Amino acid sequence: MEPLKLIPKHEVLSDSAAKAVAKKLNTPIDKFPKILASDVQAKLLNAKPGNMIAISRHDPAGEYAYYRIVVPG
Amino acid sequence: MQAEIIDHLRFTVISPAMIKRMSVAKLIVPDTYNEDGYPIDGGLIDQRLGVIDPGLKCKTCGGRVKSCPGHFGHIDLVRPVIHSEFAKMIYLLLQSTCFTCHKLLITQEQVQEIRPIIKKTIEAIEEDEHVQLGEEEIRELLFKKLKSSKKCPHCGTAQRKLKLERPTFFYMEGNKMKPDEIHDWLAKISDDDVRSLGMDPEAARPEWLVLTALLVPPVNVRPSITLETGERSEDDLTHKLVDIMRINQRLEQDIDAGAPQIIIDDLWELLQYHVTVYFNNETPGVPVARHRSTRPLKTLAQRLKGKEGRLRYNLSGKRVNFSARTVISSDSSLTINQVGIPSKFAEGLTVPFYVTLWNIEKAKELLQRQEYPMAVNLITKEGIRKRIGETNKEELVKEVQPGYVLERQLTDGDIVLMNRQPTLHRLSIMAHEVKVLPGRTMRINSSAAYPYGADFDGDEMNLHVPQSLEAQSEARYLMQPKNLVLSARDGRPIMFIEEDEIIGAYLLTKDDSYYSKEEASMMLSTVGIYELPKHEKNGTYSGRAIFSMLLPKTFNLDYKSGDQRVTIKNGELTEGIINEKLVGMGGGALILALFTECGADFIEKFLLNIAKISLRAAYKCGVTIGMSDYYLPDAVEKESQQIIAQADTKVHELLKRYKEKKLESLPGYTVKQTLELETMAELETARTLAIKALNKHVPPTNIIKIMAMVKARGSIHNFVQTSMFLGQQAVRAGRPSRGFAGRILPYFKKGDKRPEVKGFVHSSFFTGLSPADFYMHAMGARDSAMSKSLVTAVSGYLQRRLINALQDIYVDENLAAKDASGALIQSIYGGDGKDPMKEKVKVK
């Protein structure tokens, strides 16, 4: 599948990187926003439940990373 | 002490046995007091039910008015009645069971199939798990199945058709069922079957839904009132209970006397009515019970329900102490940070004064004072509150020592919270410093009114006095207007000068504004400046030099916007006019720059001073309007006619092209729509042309033009409408299109296509409107009034829902946005972690 052009870039983080993000934000993994494993972007990246996906968002404020945890479904 | 945490609450149906256990008295006399005004034993004010008269003792607990909580009594109903609020449940139960064997209309196997599902669902709900089917839905399914059974699977009896006639009448095959039959039927349903229906027989046996005994609330719940005449007036509930008892008694007598069945049934139905109304006087299908004065009785349901009910009025809406409310008015000599408090309010509101080793002398002085700033109450170390009066003053002065707290009257410099409803955002509650003033209104600076959304046409505001030192300092640090000059939305000022002050600032700083020495001294003295700026060669003082006196000597600003340029060098306004883009609603660039460079305390003074000095300049010039200002040169009138004629011909041409089918449709529109669109665009052009003509012919000295130009008040469009012509009136964002057959108003001929037929008004407010014009204008006005009120209601509710959904989101120490459960909302607040309020923003 081709990544959709209008959707901001999604990227699966390594487990260690995910842990570092959770630590930096002082937030337990289960308190992160969620993304379904059946989501098109998750499928595209072949992300499995428990993986963390980093999304680079472009807002009027600038570019920043938004994180989601893949959940079964 | 840690408060007990409520794990769960369970609402159950009260059983007759429970009623009798709770009851301290069986009531038998349908009356309240005897001839001597003494409560009748066994009556509704039986002294065992508690006491409400001071001096009497409760016959149950021996307590007096304050200590006796009141006790329940009961009435034994001679014949059972349906509890109207449970009628639907009873109906379902009757439909689900066989009328001969009283078993569920379903086989044991089917029950076994369903029961585990119910059990699992209940458990899942208790553990807050996600369930496929809700408890309700399963029950619905079950009842649906039961209702459809035609024959009892146990005894084989064909089922009869049941009907419920609201609120409380049951029929089987058209024959009325008596409540006692229903009661016996329900009583015969086995506990197991009850469980299968999803009910807990321990908590709610079906027969309890039919009343055999009625619980009577204690007198404390329904106190009688003694009028000045000495007459007693009973509570509505008592009245209804008397009715119930009276009928109950007559029913008993008639049964004992062997009266005919019809008479007994009639009385029984009457008893049913009274009990139904006792629970809810708004039961559908039942006549409303009324007081002698035709006022409907307020029975149990009415006490709880609605805006004036117990829940919304008394529990959610508690009243608070240390608060005040009155009309607000403006005071241009108060800073945005102050509030003028009527002296009567200051006398009535108090602040705690904590007595220490170092202020005990001051405390004693406060205690001894006879008038206004005095102490009202004294609270000892043990927390005992004593009122300070003339008699005990000396005694208390001797007693007071560190650790005591005095409650002193509100004085200048105290901090109070001001609030105006609707409380839409943070700035609807701000902390102001008290300034006690004569009069009956609370006064605020007009610049501080904007964030509250207040004006002074009769608006009222609430005031609260923070009591604890924590609350006071929190208010001082977080809630004072001087610290909140910049908006949390975009970092631009939300407190600035308006209207007369804006026109004053313009008049003061425009190019040709010069003042004599006397005028300059007078203006500056109003803001407490007693020096003069550098004068011009001819001995006059420029307005800009006078204005510059308000600025710090180190302040610099280079502001550019379009062809406007304002330069401030070393605190000197060297170039440019101070207008609303610098100090008003249009951006407030100067206020923003001064706030960031000179701080909150400076801006507090600056807003006060610029308003004062600008008003001085406005007074000096004399800002006033009259008829002559609206009477324009003949050239304008001529041009008006031309513009209207031109619009007429243009529209006519369009129509011609349309008729000749030469009009090309715009993308996405039909030709007809295109015609309408282009016609409207043409009439819009007329308005723009009118504005141009007005600007060309009206002299720059015209005060209305100046006001509109500097955005003090009104717009050029208003001017056009008063002095030239009203132009197109809009209904539902288009030209008026409905009314009489083939035309909007009967003044026109059918098929007339001239612009004025569809709301293009030629006359002006100055000349007056013709009847047709008047109607067109009224249509537009009504439409905009209606949509305005609708929009405010809709957007208000939307805003409320947003606030409620977002209120527990906070920004943590890592600048991440989280909610109350700790769930991450945004990894960095706003995508950049910036607070607009504290960010240096560029104002255009």
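Since this is a predicted model, take the numbers as computed values, not measurements. These numbers come from the heavy atoms of this one structure, side chains and all, not from hydrogens, waters or symmetry mates.
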Undergrad: Using heavy-atom distances under 4.5 Å, tell me whether K834(B) contacts chain A through its side chain, its backbone, both, or neither.
TA: neither
Undergrad: If you tally heavy-atom pairs under 4.5 Å against chain B, which of V21(A), L25(A), D59(A) wins?
TA: L25(A)
Undergrad: Please determine whether the number of non-hydrogen atoms from other residues, nucleotides or ligands lying under 6.0 Å from atom CZ of R800(B) exceeds 12.
TA: no
Undergrad: Could you look at D819(B) and say if it's the side chain, the backbone, both or neither that has a heavy atom under 4.5 Å from chain A?
TA: neither
Undergrad: Is it true that atom CZ of R489(B) has more than 12 heavy atoms of other residues, nucleotides or ligands lying nearer than 6.0 Å?
TA: no
Undergrad: Where is the tightest heavy-atom contact between N26(A) and K818(B), given as atom of each residue plus distance?
TA: O-NZ, 2.9 Å
Undergrad: Using a cut-off of under 4.5 Å on heavy-atom pairs, state which of P33(A), P28(A), P60(A) scores highest against chain B.
TA: P33(A)
Undergrad: Who pairs with A593(B) by side chain to side chain contact (heavy atoms under 4.5 Å, CB included), at least two apart in sequence or on another chain?
TA: F555(B), L557(B)
Undergrad: Give a yes or no on this: more than 12 heavy atoms of other residues, nucleotides or ligands lie within 6.0 Å of atom CG of D15(A).
TA: no
Undergrad: NZ of K34(A): more than 12 outside heavy atoms within 6.0 angstrom?
TA: yes
Undergrad: Counting neighbours of OH on Y669(B) that are heavy atoms of other residues, nucleotides or ligands and sit closer than 6.0 Å, is the number greater than 12?
TA: no
Undergrad: Would you please go through residues 63-73 of chain A and name the residues with a non-hydrogen atom below 4.5 Å from one of chain B, in numerical order?
TA: Y64(A), A65(A), Y66(A), Y67(A)
Undergrad: Can you tell which part of L815(B) gets under 4.5 Å to a heavy atom of chain A, answering side chain, backbone, both or neither?
TA: neither
